[in-house]
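Worksheet: one structure, shown below.
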Amino acid sequence: MTKAVRVRFAPSPTGYLHVGGARTALFNYLFARRHGGVFVLRIEDTDRERSTKEAVDAIFEGMRWLGLRWDEGPDVGGAHGPYFQSERLPRYAEAAERLLAEGNAYRCFCDPEDLKARREAALAKGEPPKYDRKCLAIPAAQAAARGATEPHAIRFQIPDGETSWDDAVRGVVTFQNATLDDLVILRTDRHPTYNFAAVVDDSAMEISHVLRGDDHISNTPRQIQVYRALGLETPIFGHVPMILGPDGTRLSKRHGATSVTEYRDAGFLPAAMVNFLALLGWAFDGEREIFTLEELTQVFSLDRISKNPAIFNHEKLEWMNGEYFRALPLSTRVDLVVEHVRKIGALPDSALADRSMLERAVTAVGDRMKRPEHFLDYAAWLFVDRVEPEAAPWAEILAKPLAPARLRKLADAIAKVEPFEHDAIEQAARGLATGEGVKAGEVIMPARIALTGKKVSPGIFDVILLLGREKTVKRLRDAADRLEAAASAATT
RNA sequence: GUCCCCAUCGUCUAGCCUGGCCUAGGACACCGCCCUUUCACGGCGGCAACACGGGUUCGAAUCCCGUUGGGGACACCA
């Protein structure tokens, strides 16, 4: 590779940053970093109706969150700007004029509505919906004259022959030009279409490698023809496979969350997201799977990109997030938990005031948490005055006639255990079980349910410690009372 | 319908280019055992794939052809 590596991510600001787009951006970023190249961000906002400022911001936000810094682009500038296509309109018009003058393009006066009808009719008849070149038949002089007053689009004339290129991920791909139709390059409103603007800009921005989604593969032969007609050098193209939903179709909203900000808001870590996305359609050696962004920039290569589409495996993302979450320092985990709980308003601010208590709680919950929102699944009991046990575990202890008595004995033991520390509490509880002649679980499980309302919780001695002597004793005795009341109600 | 692409466990994939080292490796999920007060973590083990049919070859997951299946694209959207 003699040419300087310059790649770009060129989203159109019509929505949020989709995970598929994020992965395309990631691959471009990694490729640039790996080869000491430049990563350009270009906003393709030539569709004035659908492009919004909010979407531009959402794209920035998503990329920054993932840590994908661009070297050139809107807001950071660069020598090849501007980076909004809406600010580059004269360049496209100039290039279109040239194609027109050289006979590689022609004016099209067809009515868009009419065109649409013709296309649908062709499709219905099972014919390829190609433009019929009606306006190519208009003599040049006449077309130029009409063009001065009549609204019209400009079409590129696809030459005969075939078009092929050596794709960086798929190898040689060939299209017969006869299957391509004369694409509009400049719309009636003088705005360029995607296939045209991309060519003009990729060339002007000296893009060396165009790495984009597979869905663009059929645009590539058209673009190559435009490059040639304009006398421009073509970049190397690489088409990365799509990301599919669980049902094997293109990932979309109906499959659930598709924007990276949704994942951020759900408490996923950017490092986990990056790692997961990198492994969707790319593998290092099939063995190693955990990579930081920095590590990826050292090992990424195009020839290890898969050719087949990948189904977005949500469970694996969740697992991976757990790997990263666990590795975080305690204070960071607490921060994330607090932030999340605040955001969803699950607890009053006062509940979050005691930092050291939260640290102990997060420690107790430990690696049961894969994301911040899991904290309350395991520690909600800590923040309520009275637990309402879940039905199934409650029925379980209700079935044990001796449970209330044991809960009372445990309450008595906790009431006077000294010091009120993990080991002493453990000794007291185990001693009680031994005295009763039962396994420790016979004492511990009912206590867990009485104290947390659930069958699953952090270690029971941590629970007792966190709750404090007073609350523990009260909950134990309350539960005993209720169990007895329920038992006598059942017999009468 | 037409065109393009793809095809290894349920899923992500390694192996394919440079056939033999593949009784096909790893990971997620699932199951079992161990650890253990529960769950999680961890450890050990298990289930589970070369789509099919023809070639080529001493030998094919690997090369060729076909079939089938899947995906994508067919706009004055990108």
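If you're wondering where the values come from, they're calculated on a predicted model, not measured in any experiment. First the proteins, then the strands, lettered A, B, ... as listed; each starts at 1.
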Contact class for [X] vs. all strands (heavy atom < 4.0 Å): base, sugar-phosphate, or nothing?
{"X": "A:R288", "answer": "nothing"}
{"X": "A:I311", "answer": "sugar-phosphate"}
{"X": "A:D303", "answer": "nothing"}
{"X": "A:A440", "answer": "nothing"}
{"X": "A:F461", "answer": "base"}
{"X": "A:N308", "answer": "sugar-phosphate"}
{"X": "A:D215", "answer": "sugar-phosphate"}
{"X": "A:K307", "answer": "sugar-phosphate"}
{"X": "A:T179", "answer": "sugar-phosphate"}
{"X": "A:G281", "answer": "sugar-phosphate"}
{"X": "A:H216", "answer": "base"}
{"X": "A:T46", "answer": "sugar-phosphate"}

> If the P atom of B:G72 is compared with that of B:G32, how far apart are they to the nearest Å?
Replying inline: 38 Å

>> Using atom C1' in both nucleotides, what's the gap between B:A24 and B:C44 to the nearest angstrom?
In response: 22 Å

Look at the side chain of [X] and decide which nucleotide, out of [options], has an atom nearest to it.
{"X": "A:V173", "options": "B:U37, B:C5, B:U11", "value": "B:C5"}
{"X": "A:L115", "options": "B:U37, B:C76, B:A73", "value": "B:C76"}
{"X": "A:E287", "options": "B:A78, B:C41, B:G25", "value": "B:G25"}
{"X": "A:R250", "options": "B:A78, B:G72, B:A14", "value": "B:G72"}
{"X": "A:R368", "options": "B:A78, B:C76, B:A40", "value": "B:A40"}
{"X": "A:P129", "options": "B:G1, B:U37, B:A78", "value": "B:G1"}
{"X": "A:R430", "options": "B:U36, B:A73, B:G26", "value": "B:U36"}
{"X": "A:E289", "options": "B:G26, B:G71, B:A75", "value": "B:G26"}

Could you tell me how far apart [X] ([atom1]) and [N] ([atom2]) are, to the nearest whole angstrom?
{"X": "A:D214", "N": "B:A7", "atom1": "CG", "atom2": "C1'", "result": "14 Å"}
{"X": "A:F156", "N": "B:C76", "atom1": "CZ", "atom2": "P", "result": "16 Å"}
{"X": "A:Q176", "N": "B:A73", "atom1": "CD", "atom2": "C1'", "result": "17 Å"}
{"X": "A:L432", "N": "B:U37", "atom1": "CG", "atom2": "P", "result": "15 Å"}
{"X": "A:F9", "N": "B:A78", "atom1": "CZ", "atom2": "C1'", "result": "11 Å"}
{"X": "A:I158", "N": "B:A75", "atom1": "CD1", "atom2": "C1'", "result": "15 Å"}
{"X": "A:L244", "N": "B:C6", "atom1": "CG", "atom2": "C1'", "result": "11 Å"}

> Backbone N or O of A:P458 within a donor-acceptor pair of the A:R448 side chain at under 3.5 Å?
Replying inline: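 Side chain of A:R448 to backbone of A:P458, a donor-acceptor pair under 3.5 Å: yes, one is there.
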
>> Using the rule given for ring pair (Phe, Tyr, Trp, His ring centres under 6.0 Å), can you reason through A:F60 versus A:W70, listing the C-alpha separation, both sets of side-chain angles and the distance that settles it, and then say yes or no?
In response: CA-CA 10 Å; A:F60 286 179; A:W70 49 98; 5.4 Å; yes

So what's [N] paired with, Watson-Crick or G-U wobble, going by both distances under 3.5 Å?
{"N": "B:G66", "answer": "B:C52"}
{"N": "B:C9", "answer": "none"}
{"N": "B:C47", "answer": "none"}
{"N": "B:A73", "answer": "B:U2"}
{"N": "B:G42", "answer": "B:C34"}

> Can you pull the ring pair (Phe, Tyr, Trp, His ring centres under 6.0 Å) pairs that have at least one residue in residues 362-384 of chain A, sequence neighbours excluded?
Replying inline: none

> What pairs with A:R430 under salt bridge (Lys or Arg N to Asp or Glu O under 4.0 Å), at least two apart in sequence or on another chain?
Replying inline: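 In terms of salt bridge (Lys or Arg N to Asp or Glu O under 4.0 Å), with neighbours along the sequence ignored, A:R430 is linked to A:E426.
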
>> With no hydrogens and no angle check, just 3.5 Å: does a side-chain donor-acceptor pair link A:W319 and A:N321?
In response: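 Not at all, the side chains of A:W319 and A:N321 share no donor-acceptor pair under 3.5 Å.
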
Any N or O donor-acceptor pair under 3.5 Å from the base of [N] to the side chain of [X]?
{"X": "A:T193", "N": "B:C76", "value": "no"}
{"X": "A:R170", "N": "B:C5", "value": "no"}
{"X": "A:K316", "N": "B:A27", "value": "yes"}
{"X": "A:N219", "N": "B:A73", "value": "no"}

>> Taking only side-chain N and O atoms of A:R304, does any of them lie within less than 4.0 angstrom of OP1 or OP2 on B:G15?
In response: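 For B:G15, OP1/OP2 do have a side-chain N/O of A:R304 under 4.0 Å.
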
[X]/[Y] aromatic ring centres below 6.0 Å:
{"X": "A:Y263", "Y": "A:F312", "value": "yes"}
{"X": "A:F196", "Y": "A:H191", "value": "no"}
{"X": "A:F291", "Y": "A:F300", "value": "no"}

